[in-house]
Structures are given as C-alpha cells and as structure tokens.
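The structure appears right after this line, and notes come after that.
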Amino acid sequence: MKKLLGIAVGTAMLLGTTAHSMAADTMALVVSTLNNPFFVTLKDGAEAKAEEMGYELLVLDSQNDPAKELSNVEDVLNKDIKVLLINPTDSDAVSSSIRAANRKDIPVVTLDRGASRGDVVSHVASDNVLGGEMAGKLIIDTLGGEGKVVELEGVPGTSAARDRGEGFNKAVGASEGIEVVASQPADFDRTKGLNVMENILQAQPEVDAVFAHNDEMALGAIKAVQASGRDIVVVGFDGTSDGVAAVEDGSMLATVAQQAGMIGAIGVMTADKIINGESVESYTPVPLKLVTK
Amino acid sequence: MAALLELNDIHKSFSGVHVLKSVGMEIHPGRAVGLAGENGAGKSTLMKIIAGIYSRDAGTVRYKGQEVTYSNARQAIDAGIAVIHQELNLLPELSVAENIFLGREPTRMGKIQWDYVRSESRKWLEALKQKIDPDAPLGTLSIAQQQMVEIARALSLNAEVIIMDEPTDALTDIEAKILFDVVADLKQQGKGLVFISHRLGEIFEICEDIAILRDGQMVHTGPTSQITENDLIRHMVGRELSDQYPFVPAQPGKIRLEVEKLSAKGFSEVSFSARAGEVVGFSGLVGAGRTELAKAIFGANHITGGTIKIDGQPVTIANPRQGIANHIGYVTEDRKSEGLIQMHSVGENMSLTGLSKFTNRFGVVNRTSAFITIDEFVKAFSIKTQSAASLVQNLSGGNQQKVSIAKSLIPGPRILILDEPTRGVDVGAKREIYSLINTLKAEGLCILLISSDMPELLGISDRVLVLSNGKLTGEFSREEADQESIMRCAVAGQ
Amino acid sequence: MNIKQFASDNKSLIGLIILMVLVSIANANFLGVDNMLNILRQTSINAIIAMGMTFVIITAGIDLSVGSILAFAGAVCASLIAADMPLVVALVMTIAVGAALGATSGTIISFFNVQPFIATLVAMTMIRGATLVYTEGRPISTGSFDVAESFYQFGAGYTFGVPNPVIVAAVVFLVCWFVLTHTKLGRYVYAIGGNENVARLSGVNVTAVKISVFAISGALAALAGIILTARLESAQPTAGLGYELDAIAAVVLGGTSLMGGRGRIFGTIIGALIIGVLNNALNIMDVSSYYQQIAKGAVILLAVVVDSRGKANA
C-alpha cells in the first residue's frame, strides 16, 4: 500500500514538474526531533503543503542534538536551497546554524521555537503563553473558581516549559480560590509523568486538577490518577493523537492543541512568499485550539 | 669507613602486627649487603622504609651522617636511593626508553628531549649488555628483558645506594652473570648495595656482608666470610635443614604422555615422553620455549603441528578446558596475572578449576562439599591463612603457591605441569613443595617440572630435558645430569 | 560478625536508612505504607535493569544498550498484546528478544574482541533506531482485546496488596542472588571479572559466560520494558532514554566495583532504592526543578566517596 502511494506521489511530483516545465525550487526543513509525534505532524504538514505548492522539501532530523543540527544545516546549505525552515533544538544553540545560513544569504524561517540571535526573516509558532493561559482559564471554570491544582513541568530551562508555565500561572494566579499545591518537572516524558504524579498524590491529600505542559506527561498523570481512584481532571497541551484520543474517551478534560501540521504548512507558505519576493511578517502566530469533548 | 646508610632501632607495625622489631643495619660504600630471610620476615618492608615508600614508627635513618626522613619515594630517589623492585613497576604500553625515564623526562622549554632519552637508555642497556631497542614497547619484551630494563632504570638514576629486591628471580644464569659484573662495577664506583635473594649461592658470590632477618628481627649481621650456607639457613628458619632436596626414588609406571614433533609459538618439533610416577625436569634459559611448551600441552597456546598422546590415545587440546578434561593440570610461573585471582578468597581460587566436581547437573554448586575439600587441602598443605575466606592477596608467596598447586590438583589431574613452582617462595615453603612433589610422584602422577633453579631441578627430577631456542637439545638421566653439561646444552642452540 | 564489620559491609544500606530518616523528618507523608509501596513500585523498573547490569559489571564489562532494549522490547510486547497473543506467550517472546539482543552484543564482544563500552554503545544506537523504525516514531497502544486488560494488571495491579512489579523484582532478585552465589555460572562471572586470564587458564569457558551475562542483562531490560509498557498501556519509542545511567548508578551505589570481580546483588537493590527514594522525596517535598539534579548528583557523589574511602582504609 505504502509502495503504491509512493509511486503515486512520485508520479504526481513528476507530472507537477513537467506541468511547470522547470525544476522545482528546493527548501529544507531541519526538525529538532522526529522521535516526538508533534514534530512528526509538523513535518507532515510541511511536506503536504510543499507538495501541493510544487516545492521539493528536504527534511533532516537533528535528534534533539544541537551539534547534529548544525551539521544538518551545514549539509543543506551546500545544496541549492532557496529557504531554510528550521525548528531549533534550542533557542540559543541554533544561532550558529542561523548565522551560517546568513553568510550564504539563505533566508531563514524558524518554526515553533525561536532563535535568540542571527537574522531570521520570519518566526512561525503558536503562542505558548496564551496556550498556558487558556488551559488555566479552563481549569478555573471547571473547578468553579476554587480548588487545588498540580502543574507538571517540561524539561527545566526550555522555552516551552517556561512560556506554558508563565501563561498558566498568570491565569490561576488571578483567581483567588485556586491554589497550586505542587509544580514538579516530569521532562515532557510519559513515564516520568506517571512517577512524579504518583509521588505528588502521596504527598497531597487533596488535588482537583492537573495541568501538564504536554500531552505525554498528562497521559502518564492520568494513569497515576486512575490507579489512585481519585477524581482529578487533567489538562494537557499539544493535541497529539494520543492526547486527543484521551479527550474523546473522557479520561482527559482537554488538550491545548498546537496545530503542528499548520505550523509546518504556514512555514512553507511563508517560505513561498519569500521566494516570490513578497513581504512577510516577522512573526506569524499560529492559532491554538482547545480540544474538549 | 663510615657507613653510607645507617638504620637504628627501626620499628614498624601494620594494623597491630609488629613486623619490624628494633632492626639495625649498615650499608657501606663499595660493599654489598646480602639481606636474607624467609618470606614474611620483613625484608621488603625494611627496604620500603629506606626507599621512603613506608614511614617508620620509631628509630632513625642516617644517610651520609645526616638523620633523614623521606615521606615519599620521590624524595628518596632525589637523595640518591634507588630500588629495583621485585614486582616489575613498569608500564607495558610505553616504550623501553619512556619507562626508563618515566616521571623525570628531561625537557627543554616544555618539550621532552626524546633524542636524549633514547641515547641515554641505549647507553644503560648496553652497560647491561642488552640488545634492546629503546623504542620497543615494553610489553613485547620477555620477563627477563623487562627485569633488565628495570635494572637499567635504577642505574640511570646514578644513585649512591641501590637496593635490589630479588633482581635475579626472573633472570637466567647468563643474565644474572651480567648483573653480577655490573654489581662489581658499582662497588668499584663506591656505591653501597643491598642485595635480596632467595638464591643463597648468589649472596655468597657477590656480597661482602650478610644481614639475616627472621620474624622482623635482625638475627645476624657480619661479613660473608665468617658464615657458612648451612649457618645462614639455620639463622633464617631457626632450625636445621639437613637435606635441602629430599629426592625419593620411585618406580616409574607406564608411559602417560607422549609428545611428538609438537610445534607452537616459541618452540618447534619437540618430542618426548613421560611416565606415570616420574618427575621430568625442563631446563633452559629464559626464552628457550619451556613455558610455551607447557602452555601448548595444556591448551593455553595454539598448537601449530605435531601430536599429543595421553595413555597411548591421541588427544585434541585446543583450550585449557580441554586440557583439564584430559586430566592435565598446569601451575603457572606467573601467579599474579595467570594463577590466582588476587582479590578473591583462598577457597574461591582453590575450587575454581575443579568447580565442576562440586556442581550438580543443574549447575548448582554444593558449597559444603567444596568447603570440605578446600579445608582438606589447606590442612594437608599447611597453608598459613586465617581461613579459607581470606583473600589470596594477603598471603605470602609460598602460601599463594600452595593454593595455586591445590587449585590445579582438585580436578584430579594425571599429568601435572609445574612452571617455576618455587619462584618467590621462601626456603621453608620450598621444602614443603619438594616433598609435595615427591608425594604426588609416589601417587603415580606424571610431573613436568620447569625450573631455572639448577640445584633444585637436579635435586628433584628423575630425568632432565634441556630446551634451547625452541628445540630439545639434551636429555639426561638423574645420574648423568650435572650443571655443566646441562648448561652446555642450554646454550647450544643460541 | 561484629557491628563494625557489618557497618563496613553494608554502607549503602546504612546510607539508605539515613536518607529515609532525614526525608521522614522533613515530610510526614513519606513514611506511609502507600508511599513505601509507591517507591518500591517505581524502583522496581530500575532495580530489574540494574540487577542484569550487575552481572555484566562484575565481569568488568558495561552494558549501555539496556535503555534501548527496554524500548524495543516494550514495542514488541505492545504489538503482540495488540495482536491478541496470549499473555504468557507475549511475555516469553519479548524476554527472548531481549536476551537475543544482549547475546548479540556479548558475541561481538567475545569473538571480535571489542570493548563492551563500544559494542553496547553501538547496540544502544542501533536498537534505538530499530525501535523508531518499528514504531514509526509513535507510541504503540496495547489495544482493546481482553488480554490487554490482564497485561495492564500485570504492570499496574496488586497481589496480596503488593504491586505486581515489586513482586516481579523480588523474584528476579532471588533468582539473581541464587545464580551469583550458588551456581557455577555465578562463580565464573566473578572469576572473569577478577582476572580473565586466570579464569581462562582455570578452564572457564569465558566466551560462553560473557555471552550469558549480556543475555541476562538484555532479558532483564526486556522484562523492565514489559512492566513499563503494561503500566502505561502503550509502548513509547523514547522509553528508557538514559536508563543505562540510572542502572549503572544503582550498581555502583550498591558497592559493586566497575573494575569487576566483586559485587553483590543485594547492594544493587539498595542502590536502586536510594535513587528511588531520592526521586520520590524531591517530588513530595516539592523541591524546585532546578535544584533536583544537583541534589541527585550530590547524593551519588557522597555515596561513592564514602565507599571508596572505606576501601582505601581496609
């Protein structure tokens, strides 16, 4: 089946190029990791859009390693690419990659995660602070403005953990009746989400809601909550397929869906504008979506 | 003449055990002191105190008239006291020259002067009549050559006092002779020497003075000319050793081992046979291929040609496991790296080779039956250890050797290969090992004995074979064998 | 045996007790029965991996591939359960896969004379890659057949009030302890680590024993992967990242020497518990995330320093 699809896609691409009667322009997408479904979805969105618009898209996986990222970028810069789309492993570490692109006058678009230095033409991302705030408000509404809340944090020091935490705490801090009884890191990992939540449940006799900085941790926390037999609502973040499924079967209250595919697609559309010499915004916010049952 | 180095009333204890009790000793320029004593008498401890490796608990050390205290080996070396250690303290991965200058590489503006290091190394090796490439990795040399490198290192320090702790243990007679010439030179230059050896003949040959330690006390000091070898042994062990090599004539049985045109690394086309109830001695210089032959028969070295028959049947022995399965026992010359696991207990070591004897078909070890056997051997061999659970590294050389022999006996071998079984073993334990060999012979074991100690080999063997440069060059019955004719065969193939 | 001897033989146990006393003073919830069972359950995964690692480390080897084997085995097990395989069949097959992966590393190490560090580093990378290929980078759910529920119970349920993973770890402990102390294989494991040369000349089949220890390590990593998968009802492609380091830390905290030749399986359990108690304590005391890693590193450093000082004085 896959093979057939591959042939079909190949043929379509071939037809596409003949139709334009010129070689397709190439753009490159360097992704922080393809071990995480979120970034796989982002990549899929970008690939679909590139195909639709008749571009060839080179995809490279940095495996969450800034060094690998730099060598990936160096590699693609040696190919004839028009735009570099990069989803950085780390906002600071990516700077040298971006400068390498700047030196070759290849325009750079950052996706999801920003870069702290270097010239970036445009940044495409969902607003994590806003997303954290959305989650906080939903919890306040669900609990009727009163209750005890646990926050499961992402990898300490990452911008996603910082921003989502900031938005969430801004929302719950404004509400008198809501108390955050524990904020503990579980490193965006499902197993750690389970273990850390189990430990917190041991220490906290009363917990009404959990906000996890991503769906993986939320799904782990749900296992811990179910095993304890307590009645606690869980809100995740990212809207991964597992997360959405959990919302649908009722075990998770909601997930703040980052529209990963849309980030990829908008990235490619932005790149298309750059290639065609159109002006682009320096920041394109991608809407977040609260997925509830 | 004033003493170069003078020790007075030295005391030393280790965790409550008093190992040196009021020891005094003098080292004079231009003279060598032979320091004798059984293993564990305190010789090495005393030398380590002189060399700054151990600190003394009480007493004084005067060097050139000044009282001195060295808190580490570096200080002693800088003051002019060098030690040739019994255990080789060299790094096999480094080159010969690097080893000789280790820790004191001459530099100019931070760059090591390799040319100088090389030429100096060559000079000292030539003084020892050694044709060794200073750039060769040390690990590629034979043990004897490594020992010569260690000696070259000590000489290159230009020390005033040189302590030689068992320097000839790993050497053949030829190399030992070279060393003795060097010792004579050093004395001529006015250096003071301490010479430690289990080979008492050597002490009489090169030392002007003799000092004898027994149980941490200096029981005799005086000129060599005023003491006989028997007196010396009596002082060392505190008892008379009437018969140093107790040979027991035996009735050799049927032919047990036949080796035909056997070739492997280190020797080629060696043929001989050995009978049950017979001790066959192997003589030869270091590097003649004796150990390699033993290891090939046992299966530790790969055989490239020839056949081995046991009780008339050809056997295939490709690894030690098959050697043991064919009833061969091998006691290595190198206890530390091949014989015993130093960090494990006496019992664990002793039962390792024959572990299958105590194991049921599910692989479960019957610890009680193993313990009973271990206990029997500890008693029968009078192994001096607190218990079978004590670590091997805490035992003296002689007792370790007994553990090593017991280890290879537990599987019940019919052929026992003993490679330098008395190296680094004191006089008392040597005698025990000799009588053990006699007992095993009487029980019908076929024993192959490799030894570089010629009187020992002549004293114990029923027959002596001589290897030279990997070839069999001589065979002597007990009656025919004498040191001179054996030595002629040993150098024949050189 | 006198008290002093006992203390010096069981430094890690005493360290664990001191740690527990300190935490229980700081937080009243710590010493509850529920929390104790909770700690045991969380520790059981690392303890099972670390027990396999103990075999390898006693032979003076190291196995960096356990985290990857855990992930791969988890994925295999999840797809077997999702395909409605009988529980026992799925478990046995998964453990066999882990053992085979470990044995492969052991074979490469013995026959090609590759350092265990390098061989298992390669295995770690390749098996992680194979896991990503197999899972296509996404979690594999255990599905909705009846067997999935009993599989979930295997990892998350209780028997006589004790969490099942704890019982599994206890059984593994008894078996490992027996093998190391009462069987020929165990004695050979120590002998090879003590001095491989001596072991070979003593007739030990060094190749076979080395392959066996890596197979044991792989099998136990797979077992840990099964439990993790069962608890989460899904296999994560990134599961077990960095678990090799936790396992090695547990082994070393338990007093087993990385130089080989000595070590105790009981010590490894204590080492795993120290890490487990520490993780739990940091969570229930709500210690800020930035300080947690410092605290963990400091405890491990302290334990290792105390242990090596004790050895120097002995």
Side-chain angles (χ1 to χ4, degrees), chain B residues 15 294-295 298-301 317 319-326 328-345 347-368 370 391-394 403-404 407-408 410-411 413 417 419, chain C residues 1-2 4-5 8-9 55 57-60 110-111 174-210 212-213 215-216 255-264 308 310-314:
Chain B
S15 48
K295 284 190 170 175
F298 180 59
N301 283 4
I317 301 175
N319 55 45
R321 236 173 334 130
Q322 292 175 350
I324 293 163
N326 281 296
I328 301 174
Y330 173 64
V331 178
T332 171
E333 60 168 340
D334 191 347
R335 274 196 302 273
K336 227 181 199 170
S337 69
E338 294 184 343
L340 299 173
I341 302 169
Q342 297 286 323
M343 66 166 92
H344 287 178
S345 75
E348 285 166 335
N349 271 287
M350 214 190 264
S351 58
L352 185 60
T353 308
L355 199 58
S356 300
K357 287 192 75 171
F358 313 114
T359 309
N360 69 13
R361 63 203 162 98
F362 303 110
V364 178
V365 177
N366 182 338
R367 301 211 290 185
T368 315
L391 300 188
V392 158
Q393 64 197 10
N394 297 335
V403 174
S404 190
K407 172 170 174 279
S408 57
I410 287 180
I417 307 173
D419 196 351
Chain C
M1 193 192 285
N2 62 34
K4 208 171 155 189
Q5 180 68 33
S8 106
D9 284 353
F55 279 79
I57 289 182
I58 291 176
T59 66
S110 312
F111 281 99
L174 287 176
V175 172
C176 289
W177 171 80
F178 185 81
V179 168
L180 273 182
T181 55
H182 283 76
T183 69
K184 194 155 81 170
L185 175 66
R187 290 287 310 280
Y188 285 174
V189 167
Y190 282 102
I192 289 172
N195 188 327
E196 193 174 323
N197 243 335
V198 173
R200 186 172 285 116
L201 286 171
S202 301
V204 175
N205 189 342
V206 174
T207 305
V209 174
K210 279 194 176 176
S212 305
V213 294
I216 290 170
T256 295
S257 161
L258 282 176
M259 308 299 287
R262 55 179 140 227
R264 290 189 304 167
S308 71
K311 281 201 186 94
N313 294 339

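By convention in this document, chain letters (A, B, ...) are assigned in the order of the sequence lines, proteins followed by strands, and residues within each chain are numbered from 1.
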What part of [X] lies closer than 4.5 angstrom to a heavy atom of chain C: side chain, backbone, both or neither?
| X | value |
| --- | --- |
| B:Ser356 | both |
| B:Glu348 | both |
| B:Phe298 | side chain |
| B:Leu352 | both |

How far does [atom1] of [X] sit from [atom2] of [Y], to the nearest 0.5 angstrom?
| X | Y | atom1 | atom2 | result |
| --- | --- | --- | --- | --- |
| C:Ile57 | C:Thr256 | CD1 | OG1 | 7.0 Å |
| C:Ile216 | C:Cys176 | CD1 | SG | 7.0 Å |
| B:Ser351 | C:Lys184 | OG | NZ | 12.0 Å |
| C:Phe55 | C:Ser212 | CZ | OG | 10.0 Å |

With respect to chain C, which residue among [options] yields the maximal number of heavy-atom pairs within a distance under 4.5 Å?
| options | answer |
| --- | --- |
| B:Asn319, B:Asn366, B:Leu340, B:Thr332 | B:Leu340 |
| B:Gly354, B:Gly339, B:Ala300 | B:Gly339 |
| B:Ile324, B:Asn349, B:Leu355, B:Asp334 | B:Leu355 |

- prompt: Is any side-chain N of the basic residue among B:Lys295 and B:Glu333 closer than 4.0 Å to the acidic one's carboxylate O?
  reply: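 No, no charged N to carboxylate O under 4.0 Å.
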Exercise: do C:Thr181 and B:Arg367 side chains pair donor with acceptor under 3.5 Å: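 No, because no side-chain N or O of C:Thr181 sits under 3.5 Å from a partner of the opposite role on B:Arg367.
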field: Under 4.5 Å from any heavy atom of chain B - which part of C:Tyr190
entry: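 Looking at C:Tyr190, backbone and side chain both touch chain B.
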